[in-house]
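Take a look at the structure set out below.
The figures that follow rest on heavy atoms only: side chains count, while hydrogens, waters and symmetry mates do not. Because the structure is predicted, anything quoted here is derived from the model rather than measured.
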Amino acid sequence: MCRRPFRIDVRAVIAAGAFFFLSVGTVAMAQSGDGAAQNSPDRAHIEEVLRGLNRGRGVGQVAISPDGKRLAWIEGGRGGGEIRVASPEDLSKSQRVTAAATPEQHCAEGELTWEPDSKALAFFSSCGDQAGRQEDLYLSRLDGSPAKRLTAAKGYVHEPAFSPDGSKIAFLYVEGATRPAGALAAMKPAAGVIGEDNVEVQRVAMVAVDASAAAPTQVSPANLHTYEFDWAPDSKGMAYVAAEPPGENNWWVARLYTQALESQVPKGEGPFDKLRAGSGAPRVVLAPAEVAGPLHGLQIAVPRWSPDGKYIAFIGGLMSDQGSTGGDVWMVSASGGEPRDLTAGRPTSPAWVEWGSNDYLFVSELAGGNSQLIRMKVDADVRSGSKPPSFGSPIFSIPGGVGDGRLSHSLSSTADRSVFVFTASNFEHPTEIYGAKPGTVMTSGLEGVMQLSHWNDGVKPGWGKAESLSWKSDSFRVQGWLLFPKDYDEHRKYPLIVEVHGGPAAAAMARWGGGGGISGVALSALGYFVLMPNPRGSFGQGEAFTQANRKDFGYGDLRDILAGVDTVEAKYPVDSDRVGITGWSYGGFMTMFAVTQTQRFKAAVAGAGLSNWQSYYGENSIDQWMIPYFGASVYDDPAVYAKSSAINFIKKVKTPTLVVVGDRDGECPAPQSYEFWHALRDEHVPTELVVYPNEGHGFVNPEHRRDVMDRAVEWFEKYMGKGRD
């Protein structure tokens, strides 16, 4: 349904005119300089707090060379920055790698991939485009010579990967793109034959490493939208997850394919310029809609081919969004057949997998509030099905978020898997680069890992301390994070705000800083307790827990949240008359629904929410995600949608509610917010609706992101009082 907001890669976004379906006179339009809220005397203080949240040096992707001798990273975060390369033993002595012609030229650069022999680094850069919008693939030999431009692309490019033999680089490509692939970016204004005209298809493309500004050769077929891919170990084929277009909707019914690659065409023609007719067609290895058992009708991600080419491992489970990955680790023969669940019943949520050898898989997973890496034995007996896999102790377990900047919980490793490298942070520690060696116990900075960078050693958080809590709710043990007010005094009472994460298949995790929008750490810095619960439906406690809110949105998960509020109020000095709730996406829905079910909350801020599941089904661009959760379409079972629709209980609402949304949100369309606001207004409940122009589900305009936070704080202060007494 809805990922964490504000994580879009905006480098390839092409500006388009605003499309307003609502009259400006009926809503508060959030534009710079508009509205009374812009003139609030408290805004200066709020924005001062916001500026201090992301203090410290930012790090985006990290990538260790296959031989382990060099480490590359991106300074400046995921949106693109400066590429640096150094020895892992001393990151202070680094060199810049760039496609820039002069030191003064600034380009968006990122998405690193090492050549298998560790002698070259490939990356995307906008240096070849005067407008700075089009990115192309470049190759640096790391010898001081200028990086070579390999492609002349015309569209959205991302996720490059070398072939195992080092001769080619494949990547995902949307030729002629007007927006990044996926449902988070702002949707194009509706025009033409809907669902048929202007559909943009993401395909696997490739280029030879000796190419020079060549047009990418598209490999996967034009009738399949490809989401993720992996090279076959012999470089002669690929595995990928794909579905028929439109891509933003059909990921939930995607299949696993393999495809043999063609031989190079005769000498004198460019490599991969032609494909022999009638061969190289994709082959379906797995269709979740067609298999029996627990994977039936669910989602698949992160395909990884075994070194001997006989099997493909992947993550399978109930996932509400592409990119927000969690489930079980599955394995299927590369030639097809019945898939096998390797982690059935495991009380964690694997998110990323990589083969160590034919007998071992490394799994990066969420376990409660911790991110951890495990090694799983899948020897011949396991692969034959005669015994279950075995698991060693976690290689590391960190109370925070980890990743290398590619996929959810992905890690970078050497070719022999002797070293894993990643960034990590939590509420106490800013982002740094860490390494872990399987089989070696190390303690430095964060337990179980070695700290490679020390850029932010002296940086302290600008918010209160954090604590991982757990509480009983029905038959579940629920985990969540509690942020204390900054400068906490146990002898004073404080207001509490519940921040519900997006998803629902996601999790609130301990991470440094605020990403914009409605930020829990900002609320803590302003003097509030902030509870960030992981109710049923979240990742972190196994597939059964993730699936526990199917056909039950707003009921069991709300009981989990309210039980968490009870726990906090019983343990800490919370003013029970000053409890609020907020959230974005699924969290926005929970905010809307919660105020129809309880008078517990004195103020609410619903971001990109949805109020009416029945009308939502026909409005959004991603209706496929709803079938696994509701069991049927709204046309086949309207009652299951109606019971979780806040609009059907609107007369019970007394809580003042601020509603914010982007005008081009395809995941949780603005009419849902309009419908909720309109109903509250008619019921004389204090409310305000703010529609932000040119924004999708994840806001990209920094002014809009700040404005959301400003308005949210002002709303809570107006109806609950300031953060501290």
Side-chain angles (χ1 to χ4, degrees), residues 159 161-165 167-174 181 201-206 216-247 250-265 271-293 295-316 322 327 329-342 353-355 358 361 378 383-385 624:
E159 296 186 22
F162 270 96
S163 59
D165 65 8
S167 66
K168 304 172 284 292
I169 304 174
F171 51 91
L172 295 174
Y173 183 37
V174 185
V201 181
Q202 181 169 265
R203 301 167 65 184
V204 178
M206 66 171 57
T217 296
Q218 305 210 55
V219 177
S220 59
N223 66 342
L224 286 178
H225 188 104
T226 306
Y227 305 97
E228 297 175 88
F229 70 92
D230 188 44
W231 281 99
D234 62 3
S235 302
K236 296 180 180 179
M238 286 186 174
Y240 52 78
V241 175
E244 294 181 358
N250 288 341
W251 177 77
W252 290 270
V253 293
R255 299 174 172 183
L256 176 62
Y257 294 84
T258 57
Q259 181 178 334
L261 300 182
E262 297 301 323
S263 302
Q264 292 191 18
V265 296
F272 314 110
D273 282 348
K274 296 179 181 178
L275 298 178
R276 291 196 297 272
S279 60
R283 180 179 184 276
V284 177
V285 174
L286 175 66
E290 300 171 12
V291 299
L295 191 61
H296 177 74
L298 299 185
Q299 289 70 58
I300 55 176
V302 199
R304 292 293 180 264
W305 221 312
S306 64
D308 61 10
K310 294 181 180 180
Y311 298 93
I312 298 173
F314 61 93
I315 305 297
Q322 184 208 351
V329 179
W330 292 75
M331 185 173 67
V332 66
S333 169
S335 60
E338 290 296 316
R340 185 169 176 217
D341 189 348
L342 299 176
V353 63
E354 192 70 87
W355 292 88
N358 291 321
L361 281 166
V378 287
R383 296 194 299 272
S384 69
Q624 293 283 5

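For the residue pair A170 and M238, the shortest heavy atom distance occurs at CB-CE, 3.3 Å. The minimum heavy-atom distance linking G337 with V332 is given by the pair O-CG2, 3.7 Å. When all heavy atoms of P216 and F171 are compared, the pair lying nearest together is CB-CZ, 3.7 Å. Taking all atoms of both residues into account, the shortest heavy-atom contact from H225 to V201 is ND1-CA, 3.7 Å. Nearest approach of A161 to W231, heavy atoms of both residues: O-NE1, 3.0 Å. Taking all atoms of both residues into account, the shortest heavy-atom contact from W355 to R304 is NE1-O, 2.9 Å.
When atom types are taken as modelled, the side chain of E228 and the backbone of V302 share a donor-acceptor pair closer than 3.5 angstrom. Under a 3.5 Å cut-off, the side chain of S163 and the backbone N or O of S235 do not form any donor-acceptor pair. In this structure, the side chain of Y227 engages the main chain of W251 through a donor-acceptor pair within 3.5 Å. In terms of modelled atom types and a separation under 3.5 Å, the side chain of R283 and the main chain of S335 share a donor-acceptor contact. Checked by atom type and distance alone, the side chain of R383 pairs as donor or acceptor with a backbone atom of V378 at under 3.5 Å. Remark: the backbone N or O of V291 is paired with a side-chain donor or acceptor of H296 at under 3.5 angstrom. A donor-acceptor pair under 3.5 Å is formed between the side chain of R203 and the backbone N or O of S220.
Contact annotation: the side chain of I300 never approaches that of I315 to less than 4.5 Å [non-hydrogen atoms, C-beta and beyond]. Side-chain contact check for T226 versus Y257: every heavy-atom pair is 4.5 Å or farther apart. Q259 places none of its side-chain heavy atoms less than 4.5 Å from the side chain of F229. At a threshold of 4.5 Å between non-hydrogen side-chain atoms, the residues K168 and F162 do not count as touching. A heavy-atom distance below 4.5 Å is not found between the side chains of P288 and Q299. Using a 4.5 Å heavy-atom threshold, the side chains of E290 and V284 count as separate.
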Practice task
Determine, step by step, whether I312 and D230 satisfy the side chain to side chain contact (heavy atoms under 4.5 Å, CB included) criterion, reporting the C-alpha distance in whole Å, the side-chain angles of both residues, the deciding distance to 0.1 Å, and the verdict.
Solution key: CA-CA 10 Å; I312 298 173; D230 188 44; over 6 Å; no
Handout entry: From CA spacing to verdict: side chain to side chain contact (heavy atoms under 4.5 Å, CB included), Q202, V174
Key = CA-CA 4 Å; Q202 181 169 265; V174 185; 3.6 Å; yes
Exercise for the section: Apply side chain to side chain contact (heavy atoms under 4.5 Å, CB included) to the pair L172 and V204, showing each step before the final yes or no. Expected result: CA-CA 5 Å; L172 295 174; V204 178; 4.1 Å; yes
Practice task
Decide side chain to side chain contact (heavy atoms under 4.5 Å, CB included) for V285 and F314; before the verdict, give the C-alpha distance in whole Å, the side-chain angles of both, and the deciding distance to 0.1 Å.
Solution key: CA-CA 12 Å; V285 174; F314 61 93; over 6 Å; no
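Looking at Y173 and Q218, their side chains never bring a donor and an acceptor atom within 3.5 Å of each other.
The CG atom of L295 sits 10.0 Å away from atom CD of E338, with the distance rounded to the nearest 0.5 Å. Separating the OH atom in Y240 from the OG1 atom in T258 is a distance of 8.0 Å, to the nearest 0.5 Å. Rounded to the nearest 0.5 angstrom, M206 CE and S167 OG are separated by 8.5 Å.
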